[in-house]
Enquirer: 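Structure below; questions to follow.
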Amino acid sequence: MLYRKMPKNGDELSILGFGCMRLPEKEDGLIDEERATKQVRYAIDNGINYVDTAWPYHMGQSEPFVGRALSDGYREKVKLATKLPSWLIEKREDMDKFLNAQLGKLRTDHIDYYLVHALVGELWDNVFGLGVAEFLDQAKADGRIMNAGFSFHGSSEDFNRIVDAYDWDFCQIQYNFLDEKNQAGTAGLEYAASKGLGVVIMEPLRGGNLTKTVPQAVKEIWDEALVNRTPAEWAFRWVWNHPEVTVVLSGMNDEAHIRQNLKVAGQAYPHSLKDAELSLVKRVEQKYRELMKVACTGCQYCMPCPSGVNIPLCFEHYNNLTLADNPSGEKFMYAARLGGAVALGQPEFASLCVQCGQCAEKCPQHIDIPGVLESVVEELEGPDFEQRVTMAKQAFKQI
Ligand code: SF4
Ligand code: SF4
């Protein structure tokens, strides 16, 4: 296992972190505790020292599971990360209520890395107005949390604004070779690092979509490589190639994948990919873009939409449909993220579009945005959309 230093406190963190959002489940949908505990402990025994969970993962069951899995001396071997569910905060007292409940669920007296979860610009404005800066200062001062950070899913501009608004220790962003310009992107990664923040990466495999069903045309490019690597290994190595990256989270639930990821995490130094290898990844990225339904890079130039449509996020989920082996899972995530379950209750889905056309002229990719949004409605909304939104809201409010 390789380790990288958290810039502000010098913690030596394993470059691979164990994400506890996709743990193995039994047929009844509950976490398979015996198997998942073995997996988490095996990963820790083999060098992982960063474990990440959050309030809503596994319908609220991930945190109590992690608390149990880290008993028998494992808690002391890791830095533990969890997150304040920012979309559920209505007043300052709620922040203490959630943190104190999380300490109980996780059976610990402190959280090493505490994040304000899933920020976008408006959510940040809301929690900032309710006193989250003072809350984080207080929680650090009284020892309930050691380091304060945020995880992020908004635009590049909002990312820089949030980085500058508080004395953060670290942040967590979505990053992979298809998301260089999406959300925080490469510019955000470099900006955060330039401000001395450690950067934890989520979705290095884009929710597994870069590995589950690899299109033949992409496979043919990977097969040209001089070294034989799986698509997952290429994707991980590409992220770790960036020296600004501290930890890469992987939501692992398969023993073979855990062993494989641990092996790669023992070899992936910054700047270790050769120019020819980076060119190969670039070609794979371009091929994916050709194969995707819409050539959106996530640049946000089309935003804001006066009707409230989150255009790049609609297109991200639409494109994921091309890659996903589980379309119903993707439809659920579309309902969760765009139906208002995690963004101050504000719906942002495609059918809010009134076809005014003002976004299309701003798109550097010349995408017929209103036209493509009609297809998004067709494929990702449909008659059971409201039901999925309700289910997602319940899932994200689960205590
Ligand atoms: S065409 Fe639709 S998505 Fe574009 S700005 Fe108008 S309402 Fe928003
Ligand atoms: S639709 Fe066009 S302008 Fe909007 S985020 Fe995508 S590429 Fe950028």
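Just so it is clear, the structure is predicted and the values come from calculations on it, not from any experiment. The first residue in the sequence is number 1, and the count goes up from there. FYI, side chains are in, hydrogens and waters are out, and symmetry mates aren't considered; it's all heavy atoms of this structure.
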Enquirer: Spell out, as yes or no, whether a donor-acceptor pair under 3.5 Å connects the side chain of Asp112 to the backbone of Met146.
Expert: no
Enquirer: Atom CD of residue position Gln216 - does it have more than 12 heavy atoms of other residues, nucleotides or ligands inside 6.0 Å?
Expert: yes
Enquirer: Count the heavy atoms of every other residue, nucleotide or ligand shown that sit under 6.0 Å from NZ of Lys274, and state whether that count exceeds 12.
Expert: no
Enquirer: If you apply the rule salt bridge (Lys or Arg N to Asp or Glu O under 4.0 Å), what do you find for Glu244 with Lys195, and how did you get there?
Expert: CA-CA 11 Å; Glu244 300 88 354; Lys195 298 282 174 174; over 6 Å; no
Enquirer: Does atom CG (Asp142) have a neighbourhood of more than 12 heavy atoms from anything else shown, all under 6.0 Å?
Expert: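 Yes, because the 6.0 Å sphere around CG of Asp142 holds more than 12 heavy atoms from other groups.
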Enquirer: Take Thr108 and Leu103, measure what side chain to side chain contact (heavy atoms under 4.5 Å, CB included) needs, and give me the verdict at the end.
Expert: CA-CA 5 Å; Thr108 187; Leu103 291 168; 4.1 Å; yes
Enquirer: Should the pair Arg337-Glu348 be classified as a salt bridge under the 4.0 Å nitrogen-to-oxygen rule?
Expert: no
Enquirer: Report yes if the side chains of Lys263 and Glu233 come closer than 4.5 Å at any heavy-atom pair, otherwise no.
Expert: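 No. Closest side-chain heavy atoms not under 4.5 Å.
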Enquirer: Less than 6.0 Å separating the ring centroids of Tyr113 and Phe170?
Expert: yes
Enquirer: Is Ile89 reachable from Leu136 through a run of hydrophobic residues whose side-chain heavy atoms are each under 4.5 Å from the next?
Expert: yes
Enquirer: Hydrophobic clustering (ILVMFWY, side-chain heavy atoms < 4.5 Å, transitive) - are Leu273 and Tyr269 grouped together?
Expert: yes
Enquirer: Hey, does Met252 have a side-chain heavy atom less than 4.5 Å from the side chain of Leu16?
Expert: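 The answer is yes; the side chains approach within 4.5 Å.
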Enquirer: Could you please spell out the steps behind the side chain to side chain contact (heavy atoms under 4.5 Å, CB included) verdict for Asp52 and Val247?
Expert: CA-CA 11 Å; Asp52 172 88; Val247 172; over 6 Å; no
Enquirer: Quick one, Cys171 and Val199 - any side-chain contact, counting heavy atoms below 4.5 Å?
Expert: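 Cys171 reaches Val199 side chain to side chain.
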Enquirer: Does atom CD (Glu224) have a neighbourhood of more than 12 heavy atoms from anything else shown, all under 6.0 Å?
Expert: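 Yes, CD of Glu224 has more than 12 neighbouring heavy atoms, counting only those of other groups under 6.0 Å.
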Enquirer: With a 4.5 Å heavy-atom cut-off, do Val281 and Arg237 have their side chains touching?
Expert: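 No. Closest side-chain heavy atoms not under 4.5 Å.
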Enquirer: Quick one: which residue pairs count as a side chain to side chain donor-acceptor pair (under 3.5 Å) with a foot in residues 302-312, not counting sequence neighbours?
Expert: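 Pairs touching residues 302-312 that pass the test: none.
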Enquirer: Would you indicate whether the side-chain heavy atoms of Leu84 and Trp55 approach each other to under 4.5 Å?
Expert: no
Enquirer: Any side-chain donor paired with an acceptor under 3.5 Å for Glu63 and Thr53?
Expert: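 Distance-only check fails for Glu63 and Thr53.
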Enquirer: Checking Lys331 against Leu380 for the side chain to side chain contact (heavy atoms under 4.5 Å, CB included) test, could you report, in this order, the C-alpha distance in whole Å, the side-chain angles of both residues, the deciding distance, and whether it holds?
Expert: CA-CA 6 Å; Lys331 281 173 139 186; Leu380 282 166; 3.8 Å; yes
Enquirer: Can you tell me how far CD of Gln300 sits from NZ of Lys362, rounded to the nearest 0.5 angstrom?
Expert: 11.5 Å
Enquirer: Contact between Phe18 and Ile44 at the side-chain level, heavy atoms closer than 4.5 Å - yes or no?
Expert: no
Enquirer: Tell me whether Arg22 contacts the main-chain N or O of Asn253 through its side chain, where contact means a donor paired with an acceptor under 3.5 Å.
Expert: no
Enquirer: Do the side-chain N and O atoms of Tyr175 and Gln183 include a donor-acceptor pair separated by under 3.5 angstrom?
Expert: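 Looking only at side-chain atoms, Gln183 and Tyr175 do not form any donor-acceptor pair under 3.5 Å.
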Enquirer: Taking a hydrophobic cluster as the set of Ile, Leu, Val, Met, Phe, Trp and Tyr residues connected by side-chain heavy atoms closer than 4.5 Å, whether directly or through intermediates, do Leu2 and Met6 fall within one such cluster?
Expert: no
Enquirer: Using atom types as modelled and distance alone, determine if a side-chain donor or acceptor of Ser62 lies under 3.5 Å from a backbone N or O of His58.
Expert: no
Enquirer: Taking side chain as C-beta onward, heavy atoms only, is Leu338 less than 4.5 Å from Phe385?
Expert: no
Enquirer: Assess, by modelled atom type and distance only, whether the side chains of Glu290 and Gln286 contain a donor and an acceptor separated by less than 3.5 Å.
Expert: no
Enquirer: For Arg388 and Glu381, what are the C-alpha separation, side-chain angles and deciding distance, and is it a salt bridge (Lys or Arg N to Asp or Glu O under 4.0 Å)?
Expert: CA-CA 9 Å; Arg388 274 182 277 126; Glu381 296 190 21; over 6 Å; no
Enquirer: Got a donor-acceptor contact below 3.5 angstrom from the Tyr3 side chain to the Gly47 backbone?
Expert: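 At least one qualifying donor-acceptor pair exists.
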Enquirer: In terms of side-chain geometry, is the basic nitrogen of Asp32 or Lys38 positioned less than 4.0 Å from the acidic oxygen of its partner?
Expert: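 Looking at Lys38 together with Asp32, the answer is no, because their closest N to O distance does not fall below 4.0 Å.
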Enquirer: Determine whether the side chains of Asp169 and Asn9 contain a donor N or O and an acceptor N or O closer than 3.5 Å.
Expert: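 No, no side-chain donor-acceptor contact under 3.5 Å.
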Enquirer: Any non-hydrogen side-chain atom of Ile258 less than 4.5 Å from a side-chain atom of Tyr42?
Expert: yes
Enquirer: Any salt bridge linking Lys8 with Asp167? Criterion: basic side-chain nitrogen under 4.0 Å from a carboxylate oxygen.
Expert: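 So Lys8 pairs with Asp167 through a salt bridge.
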Enquirer: Is there a donor-acceptor pair closer than 3.5 Å between any side-chain N or O of Thr211 and the backbone N or O of Ala232?
Expert: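 Pair absent, no side-chain N/O of Thr211 close to backbone of Ala232.
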Enquirer: Any chance CD of Glu34 has more than 12 other-residue heavy atoms, nucleotides or ligands included, within less than 6.0 Å?
Expert: no
Enquirer: Under 6.0 Å from the NE2 atom of His257, do we count more than 12 heavy atoms belonging to anything else shown?
Expert: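 It does not: His257 NE2 has 12 such atoms or fewer within range.
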Enquirer: Take the angle between the ring planes of Phe177 and Tyr288 and call it parallel below 30°, perpendicular above 60°, tilted in between.
Expert: tilted
Enquirer: Glu285 and salt bridge (Lys or Arg N to Asp or Glu O under 4.0 Å): which partner among Lys287, Arg289, Arg283?
Expert: Arg289
Enquirer: Leu197 and Ile145: same hydrophobic cluster, using ILVMFWY side-chain contacts below 4.5 Å?
Expert: yes
Enquirer: Donor-acceptor pair, distance only, cut-off 3.5 Å: does the side chain of Asn46 make one with the backbone of Arg259?
Expert: no
Enquirer: Quick check on the hydrophobic clustering: are Leu80 and Leu115 connected, directly or via other members, by side-chain heavy-atom contacts under 4.5 Å?
Expert: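 Different clusters: Leu80 never reaches Leu115 through Ile, Leu, Val, Met, Phe, Trp or Tyr contacts under 4.5 Å.
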Enquirer: Would Tyr166 and Phe150 count as a close aromatic pair, with their ring centres under 6.0 Å?
Expert: no
Enquirer: Using 4.0 Å as the upper bound for N to carboxylate O, is an ion pair formed by Asp137 and Lys140?
Expert: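 Asp137 and Lys140: not salt-bridged.
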Enquirer: Is any NZ, NE, NH1 or NH2 atom of the basic residue among Asp45 and Arg41 found under 4.0 Å from an Asp or Glu carboxylate oxygen of the other?
Expert: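 Salt bridge flag = no for Arg41 with Asp45.
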Enquirer: Scan side-chain atoms only and decide if Tyr114 and Gln102 contain a donor-acceptor pair under the 3.5 Å cut-off.
Expert: yes
Enquirer: Below 4.0 angstrom, N of the basic side chain to O of the carboxylate: do Glu316 and Lys181 qualify?
Expert: no
Enquirer: Might you work through the salt bridge (Lys or Arg N to Asp or Glu O under 4.0 Å) test for Asp109 and Arg75, ending with a clear yes or no?
Expert: CA-CA 11 Å; Asp109 62 359; Arg75 171 69 185 91; 6.0 Å; no
Enquirer: Under a 3.5 Å cutoff, is there a donor and acceptor pairing between the side chains of Arg144 and Asn100?
Expert: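 A donor-acceptor contact under 3.5 Å links the two side chains.
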Enquirer: Could you walk me through whether Ile48 and Val78 pass side chain to side chain contact (heavy atoms under 4.5 Å, CB included), step by step?
Expert: CA-CA 8 Å; Ile48 282 189; Val78 297; 5.7 Å; no
